[in-house]
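Let me begin by presenting the structure, written as structure tokens, before commenting on it.
Just so you know, these numbers use all the heavy atoms, side chains as well, and skip hydrogens, waters and symmetry mates. Naming: A, B, ... by sequence-line order, numbering from 1 per chain. These numbers come from a predicted model, not from an experiment.
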2 protein chains.
Amino acid sequence: MADIKSGPNPLFLREEDLRQGIELLFYAYRDFTAEPDAMLAKIGLGRAHHRVVYFVGRYPGITVTELLGILQITKQSLSRVLSDLVDQEYIAQRPGTKDRRQRLLTLTDKGVDLERSLSDAQRARIASAYRAAGAAAVEGFRTVMLGIIDAEDRAKFPPPGKR
Amino acid sequence: MADIKSGPNPLFLREEDLRQGIELLFYAYRDFTAEPDAMLAKIGLGRAHHRVVYFVGRYPGITVTELLGILQITKQSLSRVLSDLVDQEYIAQRPGTKDRRQRLLTLTDKGVDLERSLSDAQRARIASAYRAAGAAAVEGFRTVMLGIIDAEDRAKFPPPGKR
DNA sequence: GAAATAAGTCAACATGGCTGACATAAAATC
DNA sequence: GATTTTATGTCAGCCATGTTGACTTATTTC
């Protein structure tokens, strides 16, 4: 048996720290998505639907182009899941007022309920981790995560004082 | 246009913090996987291959069952990518010595090269984020990430003193 | 000797990415 | 006012990666 329990093979400390960072991201994301994925499967939706519902809830009135910029997928990929959500009345579309080419996306009441029930497991996980870790650790977490995220998107996370 | 730049719609602070946590994970994972994914595409492999190569490199001699436990996918899913990697000689298999039913997995020299070139982008990203954030922030990051990860796997991350 | 375990295989299916080509409406530009 | 650009949508097909179910083989454990 490989030495999983006894720890990894010897490496330089620095290398080990970086590997640990890689793995923290892998395991955290794996466990973070598992619960909503299981719920989604029961109603015939997938993780991609969750992402769309999440960000439409986050930014009510968001346009398709803006959503594509966040998700970083093609419009054809988005179209598939967005159509499902509109057809099943989780999401409503209305034309933009200034630019009538745009479709402004909002959650319906049904969509709000779905988003909440899906993300609640994730909120609970974050809340529990934050509570256990304490404010200083949370601030460190935020700082490191921002450093991992491409600079273009860091502005989406205003510093604590500005919130 | 939705108020992406001017910040999200008003919410209770606590709710806002939790949303921020969710989004930090989404954006960090998205950007963390983008570079290796692009490299993999060029050689006809995918993210699943990267994961396997990564963990075989991490735990030389790991068994198939152990790998399945880490990846949390079915053996049929693993089989497909693992066969590719063995066929293309990135990974070697040898029977276990104590239990000859097992196939112990190791990287070949070619596999080591692949793993390194793929993960280097990720290592660089982590290293840069760690350097910019400082040791205290890194410790906070570690603590929060461990809180997000299911308890069963936290033992894979020994505390700093033990490393 | 029987049962459990480690690993593998075949088949079929779903999800969610992708490319390319093309269409429509509205806005912006010359 | 005509042209070009932009926002959005659609059709078709392909690929990667997950799933379930059924079944096999070799080996270990009871």
Grab the [atom1]-[atom2] distance between [X] and [N] for me, whole Å please.
X	N	atom1	atom2	answer
A/Asp84	C/dG16	CG	P	9 Å
A/Leu82	C/dT15	CG	P	17 Å
A/Ile43	C/dA14	CD1	P	18 Å
B/Lys98	C/dA7	NZ	P	13 Å
A/Leu78	C/dC18	CG	P	11 Å
B/Ile91	C/dA7	CD1	P	14 Å
A/Leu85	C/dT15	CG	P	13 Å
B/Leu45	D/dT17	CG	C1'	13 Å

Parallel, tilted or perpendicular: rings of B/Tyr27 and A/Phe157 (30°, 60°): perpendicular

Parallel, tilted or perpendicular: ring planes of B/Tyr29 versus B/Phe32, cut at 30 and 60 degrees: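 Taking B/Phe32 first and then B/Tyr29, their aromatic rings sit tilted (interplane angle of 30° to 60°).
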
Proximity of A/Phe55 and B/Phe26 rings by center, below 6.0 Å: yes

Nearest to side-chain heavy atoms of [X], which nucleotide of [options]:
X	options	value
B/His49	C/dG8, D/dT17, C/dG16	D/dT17
A/Thr74	C/dC18, C/dG8, D/dT17	C/dC18
A/Thr65	D/dT8, C/dC18, C/dG8	D/dT8
A/Gln76	D/dT19, C/dA7, D/dC11	D/dC11
B/Arg80	D/dT17, D/dA7, D/dT28	D/dT17
B/Ile73	D/dG9, D/dG18, C/dA6	D/dG18
B/Arg101	D/dG9, C/dT9, C/dT5	C/dT5
A/Asp99	C/dT9, C/dA27, D/dT10	C/dA27

[N] OP1/OP2 closer than 4.0 Å to side-chain N/O of [X]:
X	N	result
B/Arg103	D/dT27	no
A/Gln102	D/dT6	no
A/Arg51	C/dG17	yes
A/Ser77	C/dG16	no

Electrostatic pair A/Arg30:B/Asp150 at N-O distance under 4.0 angstrom: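 Salt bridge between A/Arg30 and B/Asp150, a charged N being under 4.0 Å from a carboxylate O: no.
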
A/Arg100 or A/Gly44, whichever maps to the more 5' nucleotide of DNA chain C: A/Gly44

Between B/His50 and B/Thr33: side-chain donor-acceptor atoms closer than 3.5 Å: no

Under 3.5 Å donor-acceptor, B/Glu115 side chain and B/Val112 backbone: no

